[in-house]
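Below: one structure, written as structure tokens.
If you're wondering where the values come from, they're calculated on a predicted model, not measured in any experiment. For this chain, numbers begin at 1 and follow the sequence in order.
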Amino acid sequence: MPAVAERAREALQGFEPYDPAFTPCRVNLSANENTHKLPDSVVEAMRAAMVTTPLNRYPDPMANDLRDLLATRHGVRRANVMVGNGGDELLFNLLFTFGGPGHALITCPPDFSEYANFAKMCETPVVTVWRDPVTFEIDADALVAAAKADDAALVILTSPNNPTGNLVDPSIIRRLLDETDALVLLDEAYIEFSGEDASLVGWVADNPRLMVLRTLSKAFGLAGLRVGYLVADPDVVNMLGAIRQIYSEDVLAQSVACAAVSRRRELAPVVADIVAERARLEAGLAGIKGVETWPSAANFLLVRMPGASRVRARLRDEFSILVRDFSYAPGLENCLRITVGTRPENDALLDALAILAREEA
């Protein structure tokens, strides 16, 4: 008789639980979270929302109050917005809806590894168009050619890209919409750190095949809340609404998210401080012998250094500082991804790296 695990669908066998490689530490700069203190007024508004939210009733299945606030934020209609339990739920549901055998996903790695993982779960073939190994820019001609294939169903691009930090050139999105029939998802999880003028959410109204994914996990500092949303054509929203798990966004998440979005302008100083710290951290890293950095439009930096995995382990074990090791990923040998923290957190990291650089020399 086969083991229970062997009875699972073939496409799902061999999967391991998601592991962010977290260990308790003094300074956690590994997960691209917003480590900065939110304004007191925003925190108080969120607390008030929590304590006045009844828990004995099921939540609004579509989170319509939040959809209305998000629609106003982006100048679209409620019908253009879908809220999800984090951006991850929406990513999975998109692949579950539009992927599957014979419906290929096109990606441009190095990028967010969950795109390919979710595709595999949904039995969706993945076609990769690798970025330039030095600049991590996208090969537009190769991407468009791949998206023209008969089985190309969905293209996912991240702007700014995780883990490389660079923005997608809008001309690439324009070519995908004009020259191919594929659906195009632009994942803008980190766009607030680039400036709202870098967002292409304003293109959605005139381009029904374009979808833009956003989140409250990064700039809003609400990673623990698990709230993401999609701005898309109403037909896409309706399809996702039909297949989603019911009540996936709980009442507390909806209430707190509404409070945060309502006070979003008060978060501008927090974002500005992160952007300033990004520049300061990049300059500090560039001054450490052997460290190579790439420009970033997000709240993290990709760096390359000799023995990156060993450095990561020493930072954790000797200084209680956690960063993310990407050395295992193709194209990212000896690379670490470092979240931009507060000034004291960034200073602690720079001091530790300077010590290790002297010892490793």
Does any donor atom in the side chain of Glu282 or Ser296 lie under 3.5 Å from an acceptor atom in the other side chain? no
Donor + acceptor pair across side chains of Arg337, Asn32 (<3.5 Å): yes
For the backbone of [Y] and the side chain of [X], can you confirm whether one donor and one acceptor N or O come within less than 3.5 Å of each other?
X      : Y      : answer
Asn161 : Pro110 : yes
Arg314 : Ala352 : no
Asn80  : Arg77  : yes
Asp139 : Ala142 : yes
Arg278 : Ala298 : yes
Arg131 : Cys108 : yes
Asn207 : Leu210 : no
Asp151 : Ala104 : no
Glu345 : Thr342 : yes
Thr124 : Lys120 : no

Is [Y] reachable from [X] through a run of hydrophobic residues whose side-chain heavy atoms are each under 4.5 Å from the next?
X      : Y      : value
Leu230 : Leu66  : no
Val323 : Val340 : yes
Phe92  : Leu240 : yes
Phe326 : Leu281 : no
Val81  : Leu186 : yes

Before you tell me yes or no, could you show the steps for Val291 and Leu353 under side chain to side chain contact (heavy atoms under 4.5 Å, CB included), namely the whole-Å CA-CA distance, both residues' side-chain angles and the distance that decides it to 0.1 Å? CA-CA 10 Å; Val291 174; Leu353 285 174; 5.7 Å; no
Salt-bridged, [X] to [Y], with N to O below 4.0 Å?
X      : Y      : value
Arg175 : Asp141 : yes
Arg312 : Asp317 : no
Asp178 : Arg174 : yes
Glu192 : Arg73  : yes

Can you check side chain to side chain contact (heavy atoms under 4.5 Å, CB included) on Leu183 and Arg209, steps first, answer last? CA-CA 5 Å; Leu183 295 170; Arg209 288 188 291 111; 4.1 Å; yes
Heavy atoms of other groups near [X] [atom1], more than 12 under 6.0 Å:
X      : atom1 : result
Phe96  : CZ    : no
Arg57  : CZ    : no
Asp150 : CG    : no
Tyr58  : OH    : no
Gln13  : CD    : yes

Closest heavy-atom pair and its distance - Ala354, Ile288: N-CD1, 4.1 Å
Begin from the C-alpha positions of Arg280 and Asp347 and carry the test salt bridge (Lys or Arg N to Asp or Glu O under 4.0 Å) through to its verdict. CA-CA 10 Å; Arg280 198 178 70 86; Asp347 285 342; 3.0 Å; yes
Is there a side-chain contact between Ile338 and Leu285, using heavy atoms and a 4.5 Å cut-off? yes
Let me know which of Arg244, Arg226, Gln245 forms a side chain to side chain contact (heavy atoms under 4.5 Å, CB included) with Asn85. Arg226
Chi angles and distances behind the side chain to side chain contact (heavy atoms under 4.5 Å, CB included) call for Val184, Met211: CA-CA 6 Å; Val184 179; Met211 303 165 286; over 6 Å; no
With a 6.0 Å cut-off on ring centres, are Phe300 and Tyr190 close enough? yes
Step-by-step side chain to side chain contact (heavy atoms under 4.5 Å, CB included) determination, Val155 to Leu157: CA-CA 7 Å; Val155 178; Leu157 299 174; 4.0 Å; yes
Test salt bridge (Lys or Arg N to Asp or Glu O under 4.0 Å) on Lys289 and Glu359 and set out the steps. CA-CA 11 Å; Lys289 185 177 179 180; Glu359 292 181 0; over 6 Å; no
